[in-house]
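Naming: A, B, ... by sequence-line order, numbering from 1 per chain.
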Amino acid sequence: MNIFRLLGDLSHLASILILLHKIQTTRSCRGISFKTQALYVTVFVTRYLDIFTDWVSLYNFTMKIFFIASTCYILYLMKMKYRPTHDPSIDTFRVEYLLGPCALLALLFHYRFTVLEVLWSFSIFLESVAILPQLFMLQRTGEAETITTHYLAALGAYRALYIPNWIYRYFTESGQIDPIAVTAGLVQTALYLDFFYVYFTKVLQGQKFELPA
Amino acid sequence: IQQPDHHDEL
């Protein structure tokens with residue numbers, strides 16, 4: 001564990017709490033992509049199957065359980081409790097275009113050809129693109145509630161912080177590098193660059209998040 | 001290249 005990892009994980013935790021707060025206080029899931037949230041559940045479930053096989057630490061275990069449980073709860077809120085506030089007609093990204101290629105990539109690139117390891121690879125590839133339905137929705141509507149942009153910023157910060165974490169680990173753990181996680185992580189962070197630009201130049205200056213027409 | 005234990009990261 002290093003400071004970048006810890007801040008990254010806390011940022012991830014914060015993003016989920018911000019999203020829950022947004023849904024509960026506005027009593028609405030307007031502006032949130034159900035597809036992205038469903039992809040995150042898939043990511044967490046396929047990656048964290050290792051809670052049954054590898055014990056790392058109480059911290060690690062608790063975070064994994066929290067990410068699975070909280071994201072499932074968000075799906076419940078969107079599909080049941082606040083269902084009328086979710087508009088599927090603007091959440092139209094075709095997730096099969098993400099699931100298929102990620103499954104193929106996982107079959108091609110993995111560390112061991114076992115069910116657990118191939119699913120782990122799949123989850124890494126899928127996480128890198130899971131935000132696309134959400135960003136696509138943002139692009140379509142052209143604007144977002146400020147709290148939704150804070151959610152996205154915290155999520156993006158989590159990914160961005162994993163990069164210095166890997167650099168730190170490379171130098172402190174005798175040249176270790178995880179090529180699958182690093183490649184997917186760089187792609188994932190790159191997807192946020194456009195969003196970050198608008199977030200820093202508009203939202204943090206007190207303006208509304210609006211994309212140029 | 002050595003790979004770090006990836007179960008450690010979230």
Worksheet item: Can you say whether A:D9 sits under 4.5 Å from chain B via the side chain, the backbone, both, or neither, judging by heavy atoms?
Response: side chain
Worksheet item: Between A:H12, A:E127, A:M63, A:R5, which has the largest tally of heavy atom pairs under 4.5 Å with chain B?
Response: A:R5
Fill in: Under 4.5 Å from any heavy atom of chain B - which part of A:Y162
side chain
Worksheet item: Which atom names give the shortest non-hydrogen contact between B:H7 and A:D54, and what distance separates them?
Response: CD2-OD2, 3.6 Å
Practice prompt. Evaluate the side-chain proximity of A:K64 to B:L10: yes if any heavy-atom separation is below 4.5 Å, no if none is.
Written response: yes
Worksheet item: Just wondering, are more than 12 heavy atoms of other shown residues or ligands nearer than 6.0 Å to CZ in A:F196?
Response: yes
Worksheet item: In terms of side-chain geometry, is the basic nitrogen of B:E9 or A:R47 positioned less than 4.0 Å from the acidic oxygen of its partner?
Response: no
Item to complete: State whether the number of non-hydrogen atoms from other residues, nucleotides or ligands found under 6.0 Å of A:Y59 atom OH is greater than 12.
Response: yes
Item to complete: Count the heavy-atom pairs under 4.5 Å between each of A:F67, A:W120, A:F44 and chain B, then report the option with the highest count.
Response: A:W120
